[in-house]
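In listed order, ligands and their atoms are each counted from 1. By convention here, the first residue in the shown sequence is residue 1.
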Amino acid sequence: MLESQDLKLFSIHFWYEKFQSVALKTILIEIPPILLQKLQSDESDVNIEEICPHEFVTEVKNAINTLDKNVFVKNNWHAPMDAKMFSFGNQLKVTNLDDLSLFLSASNIISEDFSTQSSIPFYIALKPWKSIHPASEFRCIVVNKVLRGITPRDWPTYYAHFKDEGPVIIETLSNFYKENIADVFPKRHYTFDVIISFPDQPCIIDFGPLNSKTNLYAFSWKEISSLFDKEVPEEVAPIFRYLDSDIGIMSRTDAIYKFANAFT
Ligand SMILES: Nc1ncnc2c1ncn2[C@@H]1O[C@H](COP(=O)(O)OP(=O)(O)OP(=O)(O)O)[C@@H](O)[C@H]1O
Ligand SMILES: [Mg+2]
């Protein structure tokens with residue numbers, strides 16, 4: 001798990017305020033101790049309405065209504081992706097308190113996060129549900145405060161339009177990073193996730209740590225970590241790495257192997 005300073009910096013309750021105007025709208029609600037205890041002890045059947053204080057239940061219900069009963073839930077750091085299989089239509093969509101109870105209690109990702117000793121208050125983060133096209137999601141890799149890599153999060157999948165749109169994607173994300181993130185996010189090395197739906201400006205989904213456990217999709221940790229002690233001019237353009245041909249089903253390792261180190 002993250003070190004305590006990183007736990008704080010990558011927690012949405014910490015970064016959201018600073019990036020509110022360029023991030024997906026989020027309603028943050030602090031988790032009451034009784035719910036925290038149940039989730040920490042990995043109880044499979046938690047009924048939020050039965051066990052939680054009335055004010056919390058009302059706040060959550062109001063938030064779900066404000067978001068038109070089409071909600072995506074996370075904790076401070078993660079979404080309960082491992083609870084997807086229990087959901088209707090394999091979608092982590094929250095429409096009521098029962099869905100929320102189910103996703104939070106079925107997820108090991110959530111209970112593991114909540115079991116870390118931390119002085120940080122634990123939250124649920126409720127966001128409007130979006131039908132996100134997989135080709136519109138990117139992870140951006142920042143090393144020494146410079147945006148160095150852009151990778152599709154749907155990897156390795158071939159999208160023909162990346163070839164034509166690549167330069168626009170690079171320019172859009174470089175400008176977005178410089179204007180909104182570079183001078184504000186308080187770390188030297190990190191990742192940020194965005195969705196792009198032209199002609200709108202990119203929208204921040206999340207920030208995350210950059211270390212050997214980070215999912216770098218099209219990049220390898222070896223090539224990214226080699227950039228840590230390299231000084232580069234700030235104007236260096238990031239590399240957008242995508243599959244440039246439809247080569248059939250490819251494993252992640254095969255796909256990475258296909259590329260030589262492009263940073264040299
Ligand atoms: N508001 C939303 N509505 C619908 N789907 C969403 C929403 N936000 C995220 N998703 C989907 O869920 C996936 C996981 O979301 P997100 O990246 O926020 O979770 P995470 O736990 O931080 O993941 P990671 O551990 O990879 O950083 C996204 O790739 C996206 O496809
Ligand atoms: Mg994340």
Side-chain angles (χ1 to χ4, degrees), residues 1-2 6-16 19-20 22-29 39 63-64 66-96 99-100 103-104 106-116 120 122-142 149-157 159 173 181 185 187 189-197 200 202-219 221 224 242 252:
M1 192 57 204
L2 301 171
D6 279 357
L7 272 175
K8 180 176 143 195
L9 299 182
F10 292 112
S11 163
I12 190 166
H13 91 286
F14 180 79
W15 62 257
Y16 182 66
F19 296 96
Q20 202 163 358
V22 283
L24 195 60
K25 177 189 159 109
T26 303
I27 300 175
L28 290 163
I29 305 176
L39 296 174
I64 294 175
T66 305
L67 297 170
D68 296 328
K69 299 193 167 102
N70 255 319
V71 181
F72 186 76
V73 65
K74 294 186 72 166
N75 67 9
N76 304 47
W77 305 276
H78 293 115
M81 299 308 282
D82 53 343
K84 218 178 187 176
M85 58 186 155
F86 302 104
S87 63
F88 182 73
N90 207 26
Q91 282 191 320
L92 270 187
K93 192 188 278 185
V94 172
T95 59
N96 55 38
D99 295 338
L100 187 69
F103 295 160
L104 293 180
S107 168
N108 285 331
I109 298 177
I110 296 290
S111 70
E112 269 170 34
D113 279 350
F114 286 158
S115 301
T116 54
I120 297 166
F122 291 115
Y123 285 89
I124 52 172
L126 302 172
K127 308 180 183 217
W129 173 272
K130 298 252 177 204
S131 321
I132 301 172
H133 191 285
S136 68
E137 288 194 81
F138 301 92
R139 175 157 289 179
C140 301
I141 299 159
V142 176
I150 300 169
T151 163
R153 288 186 75 185
D154 186 11
W155 167 269
T157 299
Y159 291 106
L173 289 176
I181 301 180
F185 199 79
K187 295 253 333 161
H189 316 303
Y190 57 96
T191 64
F192 65 94
D193 299 328
V194 289
I195 44 180
I196 303 184
S197 46
D200 298 344
C203 174
I204 297 174
I205 293 278
D206 202 9
F207 287 92
L210 179 57
N211 57 43
S212 59
K213 297 197 185 87
T214 308
N215 188 346
L216 298 169
Y217 301 97
F219 296 96
W221 171 241
I224 294 297
Y242 54 90
R252 194 170 174 271

Any idea which atoms of ligand 1 are less than 4.0 Å away from a heavy-atom of [X]?
X	result
I205	18 (O)
R139	24 (P), 26 (O), 27 (O)
W77	22 (O)
K74	16 (P), 18 (O), 19 (O), 20 (P), 22 (O)
E137	28 (C), 29 (O), 30 (C), 31 (O)

Any N/O pair K130/ligand 1 closer than 3.5 Å: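 By distance alone, the answer is yes.
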Min N/O separation A79 to ligand 1 under 3.5 Å: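 A79 vs ligand 1: N/O contact under 3.5 Å present.
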Within the structure, is a non-hydrogen atom of L24 found at a distance of less than 4.0 Å from ligand 1?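 L24 counts as a contact of ligand 1 under the 4.0 Å cut-off.
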Any heavy atom of P128 closer to ligand 1 than 4.0 angstrom? yes
Tell me the salt bridge (charged side-chain N to carboxylate O under 4.0 Å, His left out) pairs involving residues 124-142, sequence neighbours left out? E137-R153, R139-D193
So, using side chain to side chain contact (heavy atoms under 4.5 Å, CB included) as the criterion, who are the partners of H13 when residues are at least two apart?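 H13 satisfies side chain to side chain contact (heavy atoms under 4.5 Å, CB included) with S11, L28, N76, I120, P121, Y123 only.
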Of all residues at least two apart in sequence or in a different chain, which pass the ring pair (Phe, Tyr, Trp, His ring centres under 6.0 Å) check with Y16?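 Per chain and number, Y16 pairs via ring pair (Phe, Tyr, Trp, His ring centres under 6.0 Å) with no residue.
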For the Mg ion (ligand 2), how many protein N, O or S atoms lie at less than 2.8 Å?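 That number is 1, waters not included.
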Answer with side chain, backbone, both or neither: which part of W129 has a heavy atom less than 4.0 angstrom from an atom of ligand 1?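 The part of W129 near ligand 1 is both the backbone and the side chain.
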Best match, K84, H78, M81: closest heavy atom to atom 13 (C) of ligand 1: M81
